[in-house]
Amino acid sequence: MLIDNDKMIEIVIEAGKAIMDIYHTDDFGVEMKSDNSPLTKADKASNKVITESLREFYPDIPIISEEEKEIPYENRKNWRRFFLVDPLDGTKEFIKRNGEFTVNIALIEDGYPVFGIVSAPVLDDIYIGTKGEGAFKITKGVKEEIKVNQNTGEGIIAVQSRSHAGEAEKEFLAKFNVVESISRGSSLKFCMVAEGKAHLYFRGGPTMEWDTAAGQGVVEAAGGMVENGGRRFIYNKESLLNPGFLVSSFDVENNF
């Protein structure tokens with residue numbers, strides 16, 4: 001399945017504009033969802049842009065999105081191909097106004113991402129990864145190829161969650177010669193590994209499939225790995241809740 005990169009870029013840019021329209025107001029309309037995570041007007045506005053656009057241009061591909069009613073496993077278990085969407089990843093970062101939030105869209109085929117796009121509206125960065133075609137970063141309209149950094153000779157650079165880092169992450173990273181640790185919000189942590197600015201990102205705590213799919217698509221296209229227990233991270237599970245995972249630029253034996 002060929003995805004029109006230009007069209008997907010247009011979609012995330014438009015979603016980003018919808019988010020930024022609200023980012024520059026005084027009323028985010030914050031609500032708390034059943035899992036105690038925040039929801040804002042921006043999440044809803046971005047979701048509307050993305051889902052309407054995807055249904056217009058790819059009407060035969062179903063969508064799983066964070067901000068829509070969860071689709072029962074019986075209805076989706078035989079899907080070979082679908083879009084997995086997080087219209088605003090890093091809502092806590094959005095609320096803090098630190099700019100470290102993203103728009104995430106992935107195309108899943110046979111359980112794995114074959115395309116991922118991550119847009120950071122405030123930073124004006126877009127990351128794209130396509131299976132077999134490599135990964136790219138677009139900054140202010142300038143496109144460059146990106147690859148993971150496999151050179152660990154001078155020590156490991158780790159990236160950690162700005163809002164969710166915990167003891168499990170600290171214990172795991174203690175196994176390595178970590179010379180620098182960087183904090184980032186949302187799926188920008190995946191992108192740090194994809195563009196070679198970090199070697200490792202470990203997450204022990206809970207995430208959902210829409211939190212990780214687009215980032216995984218970018219990392220894998222850039223030559224990296226996203227694993228759980230040495231196995232490639234998989235999607236469309238009966239429960240959309242993810243286990244812990246490791247994003248790495250090099251082969252980590254006996255990882256966790």
Side-chain angles (χ1 to χ4, degrees), residues 7-59 61-72 76 82-108 116-128 138-140 161-165 183-191 203 205-215 217-218 240-242:
K7 179 53 64 179
M8 298 303 286
I9 291 169
E10 287 179 18
I11 292 172
V12 296
I13 288 174
E14 288 305 310
K17 288 178 180 177
I19 291 170
M20 295 305 293
D21 284 346
I22 296 162
Y23 191 67
H24 293 304
T25 70
D26 294 326
D27 181 15
F28 290 171
V30 180
E31 307 169 24
M32 299 307 292
K33 296 190 286 190
S34 58
D35 63 356
N36 206 36
S37 63
L39 174 71
T40 70
K41 292 178 181 178
D43 295 82
K44 297 175 183 178
S46 176
N47 185 70
K48 185 174 187 293
V49 170
I50 294 169
T51 55
E52 288 183 355
S53 297
L54 291 178
R55 286 173 179 138
E56 177 183 356
F57 294 105
Y58 302 100
I61 303 179
I63 302 169
I64 296 176
S65 173
E66 178 178 12
E67 307 311 339
E68 298 197 348
K69 184 178 179 180
E70 187 169 316
I71 299 166
R76 59 179 169 82
F82 64 95
F83 285 113
L84 192 48
V85 175
D86 190 342
L88 202 172
D89 183 32
T91 302
K92 290 182 179 179
E93 317 308 330
F94 174 86
I95 293 170
K96 294 174 186 175
R97 295 184 191 268
N98 67 15
E100 294 184 1
F101 55 86
T102 58
V103 177
N104 298 350
I105 305 174
L107 178 66
I108 308 297
I117 185 166
V118 175
S119 170
V122 172
L123 305 177
D124 202 5
D125 290 331
I126 298 174
Y127 299 84
I128 305 173
I138 303 171
T139 301
K140 295 178 171 55
S161 173
R162 190 174 293 284
S163 298
H164 302 282
S183 294
R184 287 290 184 276
S186 68
S187 55
L188 288 172
K189 296 179 287 294
F190 286 83
C191 299
R203 180 67 181 266
T207 58
M208 301 299 291
E209 289 193 0
W210 46 71
D211 293 316
T212 59
V218 174
L240 296 175
L241 182 68
N242 285 330

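Listed for the N104 side chain is no donor-acceptor partner under 3.5 Å among the backbone atoms of V118. Here the side chain of D211 pairs a donor or acceptor atom with the backbone of M208 at under 3.5 angstrom. A donor-acceptor pair under 3.5 Å is absent between the side-chain atoms of S186 and the main chain of G90, judged by distance alone. A donor-acceptor contact shorter than 3.5 Å is absent between the side chain of S46 and the backbone of D43. Panel note: side chain E100, backbone G185; a donor-acceptor pair is recorded below 3.5 Å. Proximity of a side-chain donor or acceptor of D21 to a complementary backbone N or O of A18 within less than 3.5 Å is not detected.
Using modelled atom types and a 3.5 Å distance limit, the side chains of D124 and T139 yield no donor-acceptor pair. A side-chain donor-acceptor contact under 3.5 Å links S187 and T102.
Of the charged side-chain nitrogens involved, none lies within less than 4.0 Å of a carboxylate oxygen, so that D125 and K140 do not count as a salt-bridged pair. A salt bridge links E68 and R55; the closest N-O separation between the charged side-chain nitrogens and carboxylate oxygens is under 4.0 Å.
Once rounded to the nearest 0.5 Å, the distance linking NZ of K44 with NZ of K41 reads 9.0 Å. For the atom pair NE2 of H24 and CZ of R97, the computed distance is 8.5 Å after rounding to the nearest 0.5 Å. The CD1 atom of I50 lies 4.5 Å from the CD1 atom of I105; values are rounded to the nearest 0.5 Å. Within the model, atoms CZ of R203 and CG of N242 stand 9.5 Å from one another, a figure rounded to the nearest 0.5 Å. Atoms CD1 and CD, on I9 and E14 in that order, are 13.0 Å from each other to the nearest 0.5 Å. Taken from CG in D86 to CD in E209, the straight-line distance is 12.0 Å, to the nearest 0.5 Å.
Using bins of under 30°, 30° to 60° and over 60° for the plane-to-plane angle, the ring pair F28/Y23 lands in the parallel bin.
Annotation for P87 and S65: closest pair CD-OG, 3.8 Å, computed over non-hydrogen atoms.
Taking the side chain as every heavy atom from C-beta outward, I64 and F82 approach each other to under 4.5 Å.
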- Item | Chi angles and distances behind the side chain to side chain contact (heavy atoms under 4.5 Å, CB included) call for R76, L240 | CA-CA 11 Å; R76 59 179 169 82; L240 296 175; 3.7 Å; yes

